[in-house]
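First the proteins, then the strands, lettered A, B, ... as listed; each starts at 1. Computed from heavy atoms alone, side chains included, the values below leave out hydrogens, waters and symmetry copies.
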Amino acid sequence: MIMTFGRFADFSRIRACLPLILLPALFIILDHSIGFAGEPPASLSDTTLQIRQQVPNKTFGEIMLDIPEEALKLPIYFVKGLGYVALNGVYRNPVLNKLASYALSFKPGNGLVPIVSYGSNAGFYLGLGYRHFAVFNDDDQMRVRLAYSTHDYQRYLLDYSSPKMFGNSVGVGFHAAYRYRPRDNFFGIGAATSRSNEFAYTIEESTVRPELIIHAHDNVAFKLNGGYSKFNLFDGKDPAVEGRKSEMISRLGIDPAQLRSSQVAFMGGSVELDWRDSKGQPSRGGKESLSSTYYFGDNGDADIKFWRTRFEAAHYLNLYKKRILAARVIVSTVNKRGSSAPIPFYLLSSLGGVDDLRGYSRSRFVDNDMVLATLEYRYPIWALIDAFLFFDYGRVAASITDDLDTHDWHESYGMGLRVWKHDNVLVNLTVGRGLEGTKIFFELGQDW
Amino acid sequence: MQGEQLLDFDRNFRKLVDRSRQSYNVNSFDEVPNSSWFTNRMGSVPMTAEQVAQGATESQGPDTSGEWIVFRPKVQGVSPGFWIEDKRGDRYIIKFDPPDFPEMSTSAEAMAARYFHACGYNVPEVFIVKWRPENLRVKPDVTFKDRTGVTRTFTQEDLTEILGRVHHEPDGTIRSLASKLIAGKVVGPFSYDGTVDDDPNDWCPHEHRRELRALYVIASLVNHYDAKDQNTLDVYVEEDSRHFVKHFLIDFSSTFGANSDDPKAPIHGYANTFDIRDVFVSLVTLGTKTWPWEHAKPSPYPGLGYFESEIFEPNKFDPIVPNPAWENMTARDAYWGAKVVMAFRDEHLRAIVSTGKISDSAGAAYLVKTLGERRDKIGRFWFAKVNPLDNFEARSTGAGLEIQFKDLAREYGFSADQAMHRMSVSHKGKRIGTEREFTQDRLDLAQIDLVEMANVYSASRNGDDMEEHLFEVRIKSKRDDNRWSKPVALWLWYAPEHSEFELVGVEHLD
């Protein structure tokens with residue numbers, strides 16, 4: 001008997017059983033201490049119809065539960081209050097009211113739009129955009145975007161497009177951009193670069209690019225473009241990461257010519273077949289494009305000449321009621337021509353970032369050629385809001401025809417949310433995971 | 001609101017153990033007394049189709065023969081409009097149909113106003129009128145705050161801009177809905193929860209008023225999913241030399257197939273504008289969960305918007321924003337609301353639809369049919385949550401006490417056969433005698449039963465405790481599904497001085 005009692009006196013067992021004892025006890029206490037209407041009336045002063053005028057008093061149990069309840073509701077009240085004040089302030093201020101109307105407008109219209117995005121390197125981008133429709137004719141539009149990030153990244157973009165500048169078949173476009181990126185990362189060239197060889201660099205890019213668009217058919221367009229880009233490369237400004245170019249050269253063993261600033265002119269063409277049923281939420285059809293561009297310039301010391309060819313194909317399948325399977329393949333190659341100097345690394349093909357391998361930082365893997373395959377499952381969670389699960393699989397190589405083997409492929413997977421309207425994606429939040437950790441991307445704007 | 005309700009611990013606990021707080025403002029017969037909120041009509045008082053069609057209207061509507069003076073534009077809300085004064089001096093708010101959907105919004109509002117009035121709610125007088133735009137004149141120096149927040153004069157150009165956005169008939173007239181200004185001093189909208197501190201009449205928290213809770217069921221018939229605070233109005237009125245605040249439901253342009261200026265989408269009436277619950281469920285189920293509105297078929301009469309009965313489920317009706325009173329609705333509240341809805345027979349529905357003045361007779365017939373199907377779904381669903389025995393009348397006979405009642409499930413065709421009933425009598429929680437089964441819609445308590453009950457009273461007497469006079473008779477019923485229903489409790493009061501029992505209360509236990 002003593003031995004039996006000793007077994008029951010094992011306190012670890014008692015501790016394990018405590019939830020089994022406490023939960024029912026809590027239930028019983030609440031059951032008895034929270035008052036329930038529906039009990040018979042305590043008294044009737046007479047037999048005529050009696051309205052129950054008395055609001056039942058709170059029971060002890062209800063009063064006790066009120067305390068944590070109100071405490072936990074405090075943040076909700078605070079946020080609601082802030083929201084009311086903010087909304088009221090915006091509504092009553094004519095300037096803010098107008099800004100908010102433009103920003104939240106789902107209908108095309110001239111005016112300001114906010115720019116908000118987030119990237120692991122850039123931090124939070126905040127900025128303002130301005131769009132203007134019908135600049136020179138009824139179908140054209142112009143957009144200006146200015147954005148600055150918490151990590152000193154800067155983006156200034158000007159876009160003009162007129163799909164029907166010369167009749168219904170010929171249009172023009174113009175693109176000018178300045179980008180300043182002080183904390184981009186470079187790990188070396190090749191598919192097997194190590195994370196421990198992380199370097200930061202600063203790059204400043206200025207580009208102008210006019211283009212001519214010929215609509216051969218409803219869904220087919222030919223584009224001819226040319227332009228000029230200038231790249232200035234400096235030591236990186238990330239305090240946590242080595243940023244000296246001299247260190248990059250010595251530790252990564254790459255050609256110093258690939259770490260030089262450069263300027264290039266380019267001209268090329270592309271053909272695009274877009275037969276998606278919707279640009280905002282494509283559920284059928286696909287989009288294919290093939291482009292080839294010739295670059296020629298110099299790195300301040302020697303000439304640079306190369307071809308860049310890119311093929312991209314995306315297809316969409318509506319599984320059931322807008323549950324969509326989307327697949328995409330991208331192949332990009334860079335071919336040096338003749339006696340060209342080594343091509344600067346920032347002009348090579350790359351993988352990593354919100355547009356391709358989403359579990360890695362921008363341009364994590366760099367080499368001449370790149371292959372990527374993506375599978376995505378998109379499903380609606382609300383009107384105009386989709387969630388998606390994705391799997392990216394890709395590789396860079398010196399030459400995809402010679403070096404592509406089963407090694408050094410990289411994968412990432414994750415999920416995200418997308419807010420869309422008919423012809424555009426408004427908001428994209430992506431959380432991607434690869435072997436090197438998790439990346440979060442948030443932006444207002446287009447995706448594929 | 002959904003976030004706050006998650007933290008309402010005692011309410012959530014009551015929901016968990018299925019014992020929600022019942023409405024406070026019901027009488028002992030589980031009915032809602034007349035008040036400044038509600039007047040018992042359909043279901044309590046027989047109403048003819050003509051009475052239903054008349055609704056709250058007491059006048060002829062705006063005089064269209066003379067000039068209309070526009071004295072205020074309508075800037076709140078989505079749809080355009082303005083306030084006018086006719087040559088009689090009566091004032092109305094004028095609302096329109098969208099250009100692509102003539103008749104949709106005006107018919108919806110006219111029909112819904114009649115419907116809610118017949119149900120018992122206070123609503124404004126509404127009329128469908130046709131008038132000529134040449135009769136409109138803007139009153140000088142009318143100012144308003146435009147959509148950008150700037151205060152300026154309302155001009156003829158503004159009026160022209162409003163009229164440019166509405167449908168015009170081929171003969172140049174404009175069909176509109178005219179809603180008469182409610183006489184009295186406008187206080188403002190009422191809230192579906194809480195009380196108003198400075199109204200001594202407002203003793204009952206609104207979320208615990210049955211007529212507001214059961215509005216969920218009543219509104220679901222006509223898909224009035226835009227039942228939010230802003231579509232209510234408190235007016236300080238004078239009636240019979242008494243002054244009090246009267247509570248109105250207003251603005252029914254988002255009922256039936258209309259969503260103000262657009263036709264409803266299938267999701268309207270199935271989910272809040274942004275329904276956190278549904279979004280979360282969709283997210284975690286990875287899209288495998290499909291919602292009823294995703295299976296909706298196109299409306300056969302797109303001109304009337306989207307209004308259907310096929311995918312409609314009475315308990316899945318969801319307003320544009322969560323409604324605190326609706327969130328507190330119990331099965332008893334819902335049953336009461338369903339009784340009101342079921343009281344509308346086909347002739348009443350035809351009368352309601354006729355007030356919409358829909359030119360397409362096939363569309364009007366479709367509306368009547370759809371209303372009938374939705375009505376029957378509502379009745380079938382909510383009647384199954386309680387024992388739908390009602391209209392109890394007790395009378396003493398020489399042989400004992402006879403309590404007549406109606407089986408609403410059978411009356412409305414939800415049950416084909418006569419139900420089997422089982423009754424039991426209790427006093428202060430203790431059973432008296434044994435359970436008995438019977439099949440008629442009449443409970444007979446024989447003299448011998450009454451004597452036994454009187455003896456129990458005498459034996460238990462302890463001072464003058466009111467509870468000792470009360471006897472509870474519970475009736476459960478078994479119908480086509482062969483399952484015993486929840487009981488309905490009848491409360492009998494014993495008056496020993498007369499040796500009589502009197503029916504003093506009914507509770508449809510849930």
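Heavy atoms only, all atoms of each residue included: B:A271 and A:W382 are closest at CB-CH2, 3.1 Å. Of all non-hydrogen atoms in B:E294 and A:P380, the two that sit nearest each other are OE2-CG, 4.3 Å. Looking at every heavy atom in both residues, A:A387 comes nearest to B:L283 through CB-CD1, 3.7 Å.
Proximity to chain B (any heavy atom under 4.5 Å) is shown, for A:L319, by neither the backbone nor the side chain. With a 4.5 angstrom heavy-atom cutoff, B:L286 touches chain A via backbone and side-chain atoms both. Heavy atoms of B:H208 lying under 4.5 Å from chain A are absent altogether.
Looking only at heavy-atom pairs under 4.5 Å with chain A, the residue among B:T288, B:T290, B:T285 that has the most is B:T290.
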